[in-house]
Every structure is written in structure tokens, then in C-alpha cells.
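One structure is given below, encoded as C-alpha cells.
Hydrogens, waters and symmetry mates are skipped; everything else that's a heavy atom, side chains included, is used. Throughout, protein chains are lettered first and strands after them, A, B, ... in sequence-line order, and every chain is numbered starting at 1.
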2 protein chains.
Amino acid sequence: MKSLHKTLDIIEAVAKTNSVGIRQLSELTGFPPPTIHRITSTLVERRYLKQDPITRRLSLSIKFLELGNMVQQRFNLKAIARPYLENLMVELKESVNLAVQDGDYVAYLDHVRSDYTMLQLFTKPGARVPLYCTGVGKIFMSRWSPSELDAYLRRTPLLPHTNRTIVDQSKLIAELRKIKALNYAVDNEEMEQGVRCVAAMVVDHRGLPVAAVSVSGMAKRIAQARIKAFAESLKACSRAISRKMGFRDTA
Amino acid sequence: MKSLHKTLDIIEAVAKTNSVGIRQLSELTGFPPPTIHRITSTLVERRYLKQDPITRRLSLSIKFLELGNMVQQRFNLKAIARPYLENLMVELKESVNLAVQDGDYVAYLDHVRSDYTMLQLFTKPGARVPLYCTGVGKIFMSRWSPSELDAYLRRTPLLPHTNRTIVDQSKLIAELRKIKALNYAVDNEEMEQGVRCVAAMVVDHRGLPVAAVSVSGMAKRIAQARIKAFAESLKACSRAISRKMGFRDTA
DNA sequence: AAAGCTGATTCCGTAATATGGAATTTGAAT
DNA sequence: ATTCAAATTCCATATTACGGAATCAGCTTT
């Protein structure tokens, strides 16, 4: 599937820029102009790319928004969760996020930005960050079986993003055990210097993990003393979403 | 580009379902199973599709959310507009939408749902509806040159979506002239029975149309008597967004 | 106005790739 | 164990994608 790989390379190259010409794409991807031309004109024909009629420059089209919104299950989750996230933001006066696990990464689905803080969020919807250095990621990991965790640790180097990132495997394992017991996770400036984050799990109708809700903000504002309170609010919120997803905790 | 067309057909078929098997995809698209298999496994490898490890069923992956969020310019517009849309929703107590023109269609980028109404919005982000029977669409059309309008009318049958849809070309032309003069457009149950909508234009730094803001709700609530007031609020809102986009109206 | 330049587009003989029927494997259900 | 449906692999063949070279289109410079 050489041509398909090329096509995807081209789409990704276009995504990285805001708009590109064919020549430039040729340099970015290493494919000759006729190849680029053939593929992009098909993509334009199918409305995946849009081409400025005068400059002939290419960019991603609305089609991807359309498809992005069709990423199912996730879509329902997002719609169900939204009002709860908004309430939680108002209650805590901090930015609130909704995220899912996507392979070895955390993918952010939605966020409600706090009006009360200036924090520039790094959690744009669709953004992907590693599991081991985020509150959301660690709460997912805390539910893994030992063999799953083992396989993950074997393939993933624990790179320090800040000086607080947990880079020691046994410390991470201990942290995950603690998280499992407490039922919430804290990211103590492990991903981004000065940013703290607290996360709790959302489960589906059978009690299986599907998403996590998190609160993130400047470390000064998410003070150690307040973390317990944040965690309780988060747990209440995620429990409410879980119930709305069909989970019955009367077991 | 036969294989690319097939690939896109497959992606679109997967998008329509929540999750499909290869056999089922083969029926949906008409391509034999080995062809589907070859293409989907490449897409899975590249993370465009995700495959349930046990059922082997395919669905769109987070990748499309990622790409959807990279649809540029639009993204900035969305971020800039969001707080204004929220204010407008609070002010009018009705759902507010942000939309752009996408070829011969209106594509909704964002919406702020009113807490005050039960209306199930048909304007999900990414949704596409015709230009001629929506407030947003008509406001775009009101800025077209006669030749553009003419070409559009020649290729587009004015199908009735409700008994109020404008299906007469000369009536539509007159309506657009009126809209241009008033600087706002009304969709009077032309797209959906019982739903009214008022729209105003957002322009970029050079005064060119880029998007439209609209208010939509049950016809009872968007009463004829209130439309003028709605239009004024909308125009103020869209002017504010336009200014934020760099437009200077001191001419 | 003409020449020069840059990038987009088209051409076309060739090599490589996608094709899909048939065979095989997987795994669930009986 | 046996059956069955679906997924996956195989492979000879035809088709398609390939990309260098030529051409075209829209600018800028002289």
C-alpha cells in the first residue's frame, strides 16, 4: 500500500502547515511534484483538501471536522459529559478536561476553560500526551493488569518532561498502587513545570474505564491543601457521568 | 487513483457506522474482502482506524479528531468567537451557532446550546446543510456577485425542506437583496418545521466574509416581534468578532 | 513588451503495485 | 468434535501508479 502511505504522509504534512503549495509539499515529503499533484487533486476532488482557487495552496478541509465529529461513542461521551464538566468548572473555578486513553497516549476530547485563570491550556482537544506523566494517564494505568503494565514499561522510556516527572519504574508502580487505592490521580508538575492536575475515572455501564475527568491549573492555585477537596468533587462528577453512561454502582 | 478512491469510500463507510467488520464493509462498499483487508490494515497501522483486538471490528480513531482540530484558520476563528457566542447565548437565552461556507453548503463549526430550551439542535459541528434554506446560508449568498449567484442557481435545485422553503428563484433573489440591505438574514422555518433562525456575518481583516453567527430556536420562542432585537444583538456580536479578527470599520 | 523565473500541470513508456479468486486459518457456536 | 462464518493469506496477472521530461501559467524584472 505504497500509494496509501504516501497519501497519509501528504495529509499529515498538510495538517502540520496551515496551507502549502505542491512544490513545498514535495520538499516536506520527499515525493516528486507529479506524485503530489495526482494525490492531492484526488483528495481535493473528494473534499478532503481544499485548494485556494488563485494561489493553488492546499489546506485541510471541513471534511476532517465532519469525520472528527463522527468518531463515535466518544461523541456520545462528550455530549453526555459536557454539562457536568461545565458545572465542575464553575464549582472549582479551574479548567476542566475530558480525556480518553488512545494507545500509549492520553487524547483530550474536550475542555472547559476557566474564566478565572489565564493559564494557557496545553490540552487542546485532539492533543496527545504520554500516559506516565499525566494525572489522566496515571489513572488509566492504575487499572491495568501487572502484565499490561509490564509490557508498557518495557516499550516506553520514562523521559523527564520536568524535574518532577517520575522516571523510576518502581516509583511509578508504587504511585499507581496508591492511585488505585485512592481512586484519583495527581500530576504534580510532572508534565509541565508549574502545572498541577487532578484526575478521576469515568466508567461505562459495565464498570470498565472509558474516560477520565481532570482539573488542571497553575500549581499555586491547585495547592496541596486543596487537592483532597478537588479530588472529592472530581470523583462526584465522574461518578455522575458514569451513571449517565449506564453504570449502576449498587453492587 | 483507484485505490485512493476505494480508501476514501471505506473511511466514509466506517464513519457511517459505529463499528464494522470486514465482511460487512465489503457489502457496504462492494469491494471484495481482501481489498478491504489490505486497505484497512494499512489504516489501522497508521492509526486512522482502530480495531477491537477481540471482535476485529473497525471504527474511526481519535486521529480524525486530531486532524479535525487542525483544520486551521477555522480553528482560530472558533477560539476567538467562543466567548462572544457564550455571552450572546446568555443574553438571548437561545442556542447560538458559528458556521462557515463550505462550497455549496453551510458547515457548522461550533454551537453553544441554550440551557433554557429543550430544542434538539440539528446543527452539530461538522454538519452540512444547503445554503438556500438557512439563515446562515442566505447571508453568505447575499454577498455574492450576480454571476456567482446565477451559477449557483443553475446547478442547485431549490428543493422544499418544509412548506416555507423558498423554492422560487426570483423570490430568493429578492430575499437576498433585502438581506443585503438589512445586514441580517432570517430563516423562517425554511429548513426545519418549527425552527426559526437569525444570522449575521463575520468578516476578516479585509472585510471579506469568513463566517456567520446565528441564533436558532423554536419558532414560538423566536417570535416575529423579537426578530429585530435578535438581529441587533447578533450584529453587535458579529461586529465584535470581526474586530477581534482584525477588521477596522472606520472607513 | 519581452524575457526570465518559479511553481503547477500534463504526458507517457515502464516498473511496480494493487487486484481479487481461491485456499487457508481463526474462532465462535453447536 | 464438527460446522460455519468471517478474517486472513497467497499469488499469478492486469492495472495502476510512477516520476523524469516537457509544457503551461502566472509573476517579476529588464
Side-chain angles (χ1 to χ4, degrees), chain A residues 1-61 63 72-73 103 145 147-148 151 206 208, chain B residues 1-61 72-73 103 145 147-148 206 208:
Chain A
M1 298 267 69
K2 211 164 171 184
S3 73
L4 179 45
H5 278 291
K6 287 185 189 180
T7 301
L8 301 178
D9 288 344
I10 289 171
I11 287 173
E12 286 163 23
V14 173
K16 275 195 212 123
T17 64
N18 290 17
S19 88
V20 245
I22 284 182
R23 160 65 48 125
Q24 197 182 341
L25 263 180
S26 165
E27 277 153 26
L28 287 171
T29 59
F31 309 134
T35 299
I36 306 270
H37 182 262
R38 190 154 18 88
I39 292 172
T40 57
S41 36
T42 307
L43 289 171
V44 167
E45 180 194 330
R46 294 292 293 256
R47 299 201 318 106
Y48 284 73
L49 298 182
K50 126 184 121 63
Q51 186 162 33
D52 186 304
I54 48 174
T55 66
R56 311 257 76 196
R57 292 171 73 83
L58 300 153
S59 50
L60 295 192
S61 90
K63 189 94 190 184
Q72 271 294 339
Q73 190 223 347
S145 69
S147 64
E148 275 179 294
R206 268 169 304 164
L208 298 173
Chain B
M1 297 267 71
K2 210 164 172 186
S3 74
L4 179 46
H5 278 291
K6 285 186 189 181
T7 302
L8 301 178
D9 288 344
I10 289 171
I11 288 174
E12 286 163 23
V14 173
K16 273 193 214 125
T17 64
N18 290 19
S19 90
V20 243
I22 285 182
R23 157 65 45 134
Q24 198 181 342
L25 264 180
S26 164
E27 276 152 26
L28 287 171
T29 58
F31 309 134
T35 300
I36 307 271
H37 182 262
R38 189 154 20 87
I39 292 173
T40 57
S41 38
T42 307
L43 290 170
V44 167
E45 179 193 332
R46 295 290 245 126
R47 299 202 319 105
Y48 284 73
L49 298 182
K50 128 182 117 62
Q51 186 162 34
D52 187 304
I54 48 174
T55 67
R56 310 257 78 194
R57 292 171 74 83
L58 300 153
S59 50
L60 295 192
S61 90
Q72 271 296 338
Q73 191 222 347
S145 70
S147 64
E148 274 179 294
R206 270 169 302 164
L208 297 172

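- Protein atom CD1 of A:Ile36 is 16 Å distant from nucleotide atom C1' of C:dT10, rounded to whole Å.
- A:Arg57 pairs by the salt bridge (Lys or Arg N to Asp or Glu O under 4.0 Å) definition with nothing, not counting sequence neighbours.
- For residues 14-28 of chain A, no pair satisfies salt bridge (Lys or Arg N to Asp or Glu O under 4.0 Å), with sequence neighbours left out.
- Every residue meeting the side chain to side chain contact (heavy atoms under 4.5 Å, CB included) condition with A:Pro34, not counting sequence neighbours, appears here in chain and number order: A:Pro32.
- Under the rule for a side-chain hydrogen bond (donor to acceptor under 3.5 Å, both in side chains), B:Thr55 has no partner lying at least two apart in sequence or in another chain.
- The C1' atoms of five pairs define one axis at each end of the helix from C:dA1-D:dT30 to C:dT30-D:dA1, and these two axes lie 40° apart (to 10°).
- Side-chain atoms of A:Gln51 come within 3.5 Å of backbone N or O of A:Arg56 as a donor-acceptor pair.
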Can you tabulate the close N/O pairs, meaning under 3.5 Å, that link protein atoms to atoms of nucleotides 5-7 of chain D?
residue : atom : partner : partner atom : Å
D:dA7   : OP1  : B:Ile22 : N            : 2.9
D:dA7   : OP2  : B:Arg23 : N            : 2.6

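- Counting only residues at least two apart or in different chains, ring pair (Phe, Tyr, Trp, His ring centres under 6.0 Å) contacts with residues 39-61 of chain B comprise B:Tyr48-B:Phe64.
- For A:Ser26, the side-chain hydrogen bond (donor to acceptor under 3.5 Å, both in side chains) criterion is met by no residue, not counting sequence neighbours.
- Residues forming a side-chain hydrogen bond (donor to acceptor under 3.5 Å, both in side chains) with B:Gln24 (at least two apart in sequence, or on another chain): none.
- Separating the NE2 atom of B:His5 from the P atom of D:dT15 is a distance of 18 Å, rounded to the nearest angstrom.
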Checklist entry - Reading nucleotides 18-30 of chain C 5' to 3', which nucleotides get B (base under 4.0 Å from a protein heavy atom), which S (sugar-phosphate only), which -? => result SBBBB--------

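- The side-chain hydrogen bond (donor to acceptor under 3.5 Å, both in side chains) test applied to A:Thr42 returns no partner, not counting sequence neighbours.
- Sorted by first and then second residue, the ring pair (Phe, Tyr, Trp, His ring centres under 6.0 Å) pairs involving residues 4-45 of chain B (not counting sequence neighbours) form an empty list.
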